[in-house]
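Keep in mind it's a predicted model, so treat the numbers as computed, not measured.
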Amino acid sequence: MNFTRWSARLPGTQRRAAARTDPAVSPDRRPDGSVPAARVEQLTDEAPPVPAVDDLPVRDVLGRVPALVALVHGPDHRLAYVNDAYVAAFGMRDLGARAREALPELDEPGLFPLLDQVQRSGRPRTLKSRKAPDGRSYTFTCTPVTEGDGSGDRGVLVFATDVTDHAEAAARLRASERRQRETAVTLQRSLLPQELEEPDDLRVAATYHPGGTEAAVGGDWYDVITLGGGRTALVIGDVMGRGVRAAAVMGQLRTAVRAYARLDLPPHEVLQLLDGLATEIDANQIATCVYAIHDPNEGRLVYASAGHLPILVRDEHGTVQRADEPTGPPLGTGGWVHTSGSISLTPGSTAVLYTDGLVERRDEDLDEGIAALERALSGATGTPQVICDRLVRSAGVTPEHDDDVAVLVLQHPARTGADAELFRNAALELLGGVEAAPRARAFASGVLASWRFPPDLHDLGVLATSELVANSLQHGTPPMRLRLRRTDRRLIIEVTDGDDHLPRRRRAEPGDESGRGIAIVATIATNWGSRRTPGGGKAVWCEFVLPKP
């Protein structure tokens with residue numbers, strides 16, 4: 001193969017033939033042929049002429065460049081030339097042999113199919129940062145070349161630039177970003193509940209999916225908090241932003257929610273406290289949140305929303321209802337009075353709380369995503385975990401998803417048969433004056449006996465009922481009500497009245513005639529507490545853990 005017959009048409013090369021054949025008049029010479037005095041010295045000591053690009057010997061140029069150069073020709077890619085840099089990298093090569101035998105090092109980077117493409121299309125192609133057998137990384141550019149004699153034969157010039165340093169730097173950067181993301185994900189998961197609390201009357205499941213490798217971890221969180229007295233708080237939220245900072249803010253808000261929940265406040269008051277805390281944590285950081293409370297005696301979910309997506313509730317017949325109102329601004333904006341709303345959650349119903357990563361897509365409206373989630377929920381049956389997984393799959397969430405996803409599913413099971421016998425309710429209106437106390441004791445004794453509690457638990461329940469009713473009669477106002485509830489795990493006794501002054505446990509002096517009722521209840525019961533009711537009154541409750549069968 002005569003290498004001088006080949007002309008490499010490389011991008012950016014311009015021919016200078018016109019410059020050699022057109023002897024233009026020099027701007028330093030006057031029309032009459034004379035030379036200005038100031039230029040005489042320059043013309044008498046002329047610099048040697050600089051050769052044009054086309055005058056440079058191509059073989060010498062390619063032989064001296066530090067990049068690896070190889071030239072193949074013909075449909076079977078026979079080797080015509082390799083430069084010194086190529087020989088130094090991979091050793092001597094047999095000219096005239098097929099490229100697959102003469103240049104085996106091009107197989108691992110996947111260059112042979114590229115040679116065929118360039119040969120057929122006549123267009124250059126590039127493979128960036130491919131590792132070769134020598135352990136170094138190269139960017140390969142394959143450029144078509146044609147015979148200089150006009151015969152039309154076509155070859156391919158392979159030009160390989162060593163980019164090992166850049167590739168290693170990029171690999172170190174990716175490793176650093178991966179470690180940072182793993183740290184953020186670890187922090188995020190450590191701040192989420194490791195195990196969900198298991199309420200007596202609800203079945204719950206939750207899942208969290210961090211964003212894909214190209215997205216930093218966000219600040220999504222969820223929680224389930226048993227409040228006592230059979231009630232359960234459920235919360236889900238999303239801190240705006242990404243990275244470790246968002247996860248840290250999320251952890252602070254979640255801890256605060258658990259602390260505020262122990263105060264047994266209405267949902268809107270909890271969000272009001274969170275709003276002030278979010279402003280103190282970071283005035284530039286905002287978060288959305290839904291806080292809801294389920295009371296099995298009411299059959300409703302009372303909630304408050306701070307800029308979060310609506311709760312979805314599916315009834316036992318498959319009809320899905322959206323809890324749209326009321327919704328306040330996100331946490332951290334300040335100056336807003338949140339309000340509470342409610343939605344029915346009867347036995348057999350399923351509720352879903354979620355973050356925007358489940359329903360928000362760049363190419364569609366947010367309402368379309370929520371509507372799609374409603375359709376998926378309407379046909380979802382099974383346990384909360386099964387429903388949770390099904391909703392995530394229906395939304396197309398994959399490991400490469402571009403946003404964090406948190407989902408919390410809760411069910412209020414419809415119990416029948418023997419299971420229903422373990423969940424019972426009984427209530428008595430406390431009418432009249434002091435004579436209501438003996439009626440309450442007799443009522444409690446009869447109910448506990450019918451529920452077949454052991455004698456010691458029966459007696460403790462009657463004593464607790466007597467003390468709570470006496471306390472309400474002395475310090476409360478009508479209307480008053482006694483409610484007994486049993487689950488498969490505990491006995492709950494609750495007395496409500498119309499006064500909103502919450503009782504507190506105090507130490508009674510030997511001469512005091514009162515002040516011992518709450519102390520007695522706190523001593524004999526497993527747990528006790530009080531809260532204000534929406535009507536302006538209060539509820540005082542205690543509970544006893546049932547012995548395991």
Side-chain angles (χ1 to χ4, degrees), residues 1-13 53 56-148 153-179 181-182 212-214 400:
M1 179 68 188
N2 184 3
F3 182 72
T4 59
R5 296 173 56 231
W6 291 81
S7 172
R9 296 179 179 176
L10 301 178
T13 300
V53 172
L56 297 176
V58 177
R59 178 183 292 272
D60 290 345
V61 172
L62 296 180
R64 294 174 183 272
V65 296
L68 279 59
V69 179
L71 179 67
V72 298
H73 69 92
D76 52 357
H77 307 306
R78 292 188 176 275
L79 182 61
Y81 169 77
V82 290
N83 71 344
D84 295 341
Y86 199 105
V87 172
F90 298 110
M92 294 297 296
R93 292 293 181 263
D94 295 331
L95 299 183
R98 290 185 176 89
R100 288 189 177 274
E101 291 79 24
L103 307 174
E105 58 276 357
L106 301 185
D107 187 27
E108 183 175 331
L111 226 65
F112 292 131
L114 198 68
L115 294 178
D116 295 333
Q117 294 178 19
V118 175
Q119 182 78 20
R120 290 191 304 267
S121 66
R123 296 179 180 180
R125 295 287 188 271
T126 299
L127 289 180
K128 295 184 177 180
S129 190
R130 299 298 179 93
K131 183 165 287 189
D134 64 348
R136 303 189 68 79
S137 298
Y138 298 90
T139 291
F140 294 91
T141 299
C142 298
T143 304
V145 295
T146 56
E147 286 279 11
D153 291 342
R154 181 174 292 169
V156 179
L157 183 71
V158 180
F159 195 89
T161 305
D162 191 337
V163 294
T164 304
D165 292 342
H166 297 283
E168 292 178 350
R172 288 193 297 269
L173 179 60
R174 288 192 298 270
S176 176
E177 292 174 346
R178 184 171 59 254
R179 287 192 298 270
R181 184 176 184 278
E182 290 173 353
T213 55
E214 299 299 324
E400 291 75 31

*asked:* Restricting to non-hydrogen atoms, name the atom on F90 and the atom on A132 that form the minimum distance, rounded to 0.1 Å.
replied: CZ-CB, 4.1 Å

*To the nearest 0.5 Å, how far apart are CZ in R179 and CD in E177?*
10.5 Å

*May I ask you to test the L111-L103 pair for a side-chain heavy-atom distance under 4.5 Å?*
no

*Any side-chain heavy atom of F140 within less than 4.5 Å of one from L114?*
no

_Can you give me the closest heavy-atom contact between P109 and L127, atom names plus distance?_
O-CD1, 3.7 Å

*Report the residues that fulfil ring-ring contact (aromatic ring centres under 6.0 Å, His included) with F159, sequence neighbours left out, ordered by chain and then residue number.*
none

*What salt bridge (Lys or Arg N to Asp or Glu O under 4.0 Å) pairs are there with at least one residue in residues 60-74, not counting sequence neighbours?*
none

_Sequence neighbours excluded, every pair satisfying ring pair (Phe, Tyr, Trp, His ring centres under 6.0 Å) that has a member inside residues 92-119_ = none

*Which heavy-atom pair separates T141 from T126 by the least distance, and what is that distance?*
OG1-OG1, 3.5 Å

*Would you name the heavy atoms of A160 and A67 that are closest together and state the gap between them?*
O-CB, 3.4 Å

*Using a 4.5 Å cut-off on heavy atoms from C-beta on, say whether the side chain of P144 contacts that of P124.*
yes

*In chain order, what residues pass the side chain to side chain contact (heavy atoms under 4.5 Å, CB included) check against S137, with sequence neighbours excluded?*
S129, K131, V163, T164, A167

*Contacts of N83 that satisfy side chain to side chain donor-acceptor pair (under 3.5 Å) - sequence neighbours left out*: none

_By salt bridge (charged side-chain N to carboxylate O under 4.0 Å, His left out) - contacts of R78 (at least two apart)_ = D76

List, one per line, each side-chain donor-acceptor pair under 3.5 Å for residues 169-176, sequence neighbours excluded.
none

_Suppose the criterion is salt bridge (Lys or Arg N to Asp or Glu O under 4.0 Å): which pairs have a residue in residues 99-120, not counting sequence neighbours?_
R93-E105

*Heavy-atom pair of closest approach, residues V82 and V87*: CG2-CG2, 3.8 Å

_Passing option when V158 is tested against L115, V69, L71, L68 for side chain to side chain contact (heavy atoms under 4.5 Å, CB included)_ = L115

*Looking only at heavy atoms, which two atoms of V118 and R154 are closest? And how far apart?*
O-CD, 4.4 Å

